[in-house]
K.L.:
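Okay, handing you the structure first.
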Amino acid sequence: MSAVEGLRAHVVVPREHFTVDVSLQVQAGETVAVMGPSGAGKSTLLQALAGLEPLGGGEISVEGRVVDRVAKPRVRTEPMRRGVVLLGQKPRLFPHLSARENVAFGPRAAGVEARTARAGADDWLARVGLPGSGGRMPHELSGGEQQRVAVARALAASPRVVLLDEPLVALDPETTGDIRRMLRDQLVSTTTVAVTHDAADAVALADRLIVVEAGRVTQEGPVRDVLAAPASGFVASIAGVNRLVGVASGGAWRSGEVLLTSADPASRALAATDGAALAAVFRPGDARLDASGAAADTWGAVVTRIEPTLVGVRVHTDAGVVDLSLAAARGLAVGDRIRLRVDPALVRFVGVG
């Protein structure tokens, strides 16, 4: 294994209804985001990487050193000796220690002299946006400040790999944005695996995205590429796009009586083989009501749910979702039959496999 590779793992962990079976490789200094539905096995993956969940099969290597292996010769490295730190949704600071002593704990446990460890802790607190806060106790800090201290404590231990298990999920939107920016700055040279439910976290923090569903990797690649070409309904939902499954037909996409075309050359190439499974992808904001039904690329749909949004209304139908202004949605009700239209320039086709 090359010295520039930070983490290589094949994690197999049996669970009640399925087995988590995930392989990943993260280069040194790279951040990989992991997303998936609730209960898909994301946290199990992190727990196994951290040594808190025993492997049922597979192997984990950190910077070329095997730290966990089921096959003979069996290897099982204690969590504290893996060079891996796990930062979760709760800061879990030591309540009896000041912010400075919390951050200094890891270096001191590794044998760093107390004065040096405390000076380093103050430096880390400044780096995460809390200069001069070393003497404050955890109960004197806000939730966002506690999470900053937790990040400083994790990084002060000089880990080889950092695991993030949705550390922003319990924070308010303004605090989330601030800490997301701080994490992006502080993790720039740290090998990181970040589990998140928020596409904004993945885009802001990660180089690549891995999607895990029912314990298996269903899609992976550069973050924006995955979100732009969702291979499942789950990925489409986090990307905020419609993903309508049909087949190629005469260079277009068809599902029943609905026919959509695309101006994208790559999409047209995918639609060149009649009968090939194909998904049409477009944003809810790109669809429009078309009362006349005379234009091309229009289709009929039945309204199934109507949700208010910050700028208007999101209308769910049995054939896609559309975002409308309050004026455009006036008078619509569940059960109404409407016609929708989307400009071919705003439609992409992706393969379904």
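Numbering starts at 1 and runs along the sequence shown. Being a predicted model, the structure only gives us computed values, none of them experimental.
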K.L.:
Cluster partners of Val211, using ILVMFWY side-chain heavy atoms under 4.5 angstrom, listed by chain and number?
P.N.:
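Its cluster partners, ordered by chain and number, are Met35, Val203, Leu209, Val223, Val226, Leu227, Phe234, Val235, Ile238.
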K.L.:
Transitively linked via ILVMFWY side-chain contacts under 4.5 Å: Val321 with Leu332?
P.N.:
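Val321 does not cluster with Leu332.
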K.L.:
Name all residues meeting the side-chain hydrogen bond (donor to acceptor under 3.5 Å, both in side chains) criterion together with Arg224; count only those two or more places apart in sequence or in a different chain, and write none if there are none.
P.N.:
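Partners of Arg224 by the side-chain hydrogen bond (donor to acceptor under 3.5 Å, both in side chains) criterion come out as none, since no residue qualifies.
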K.L.:
Report yes if the side chains of Pro284 and Val322 come closer than 4.5 Å at any heavy-atom pair, otherwise no.
P.N.:
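SC-SC contact between Pro284 and Val322 ruled out.
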K.L.:
Heavy-atom distance under 4.5 Å between the side chains of Arg82 and Arg160, does that happen here?
P.N.:
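Not in contact.
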K.L.:
Are Lys42 and Glu166 close enough for a salt bridge, meaning some N to O gap below 4.0 Å?
P.N.:
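A salt bridge is absent here (no side-chain N lies under 4.0 Å from a carboxylate O).
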K.L.:
Can you find a pair of side-chain heavy atoms, one from Leu49 and one from Val161, that are under 4.5 Å apart?
P.N.:
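Not in contact.
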K.L.:
What residue among Leu187, Leu46, Leu86, Val193 forms side-chain contact (heavy atoms from CB on, under 4.5 Å) with Leu164?
P.N.:
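One option only clears the test, and that one is Leu187.
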K.L.:
Are side-chain heavy atoms of Leu163 and Asp165 found at a separation under 4.5 Å?
P.N.:
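No. Closest side-chain heavy atoms not under 4.5 Å.
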K.L.:
For Ala231, is there any backbone N or O sitting under 3.5 Å from a side-chain donor or acceptor partner on Gln219?
P.N.:
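Here the side-chain-to-backbone pair exists.
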K.L.:
Please identify each residue that fulfils side-chain hydrogen bond (donor to acceptor under 3.5 Å, both in side chains) with Gln47, with sequence neighbours left out.
P.N.:
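If we apply the side-chain hydrogen bond (donor to acceptor under 3.5 Å, both in side chains) test to Gln47, skipping adjacent residues, there are no hits.
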K.L.:
Is it true that Asp68 and Arg74 make a salt bridge, defined as a side-chain N closer than 4.0 Å to a carboxylate O?
P.N.:
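Between Arg74 and Asp68 there is a salt bridge, with a charged N closer than 4.0 Å to a carboxylate O.
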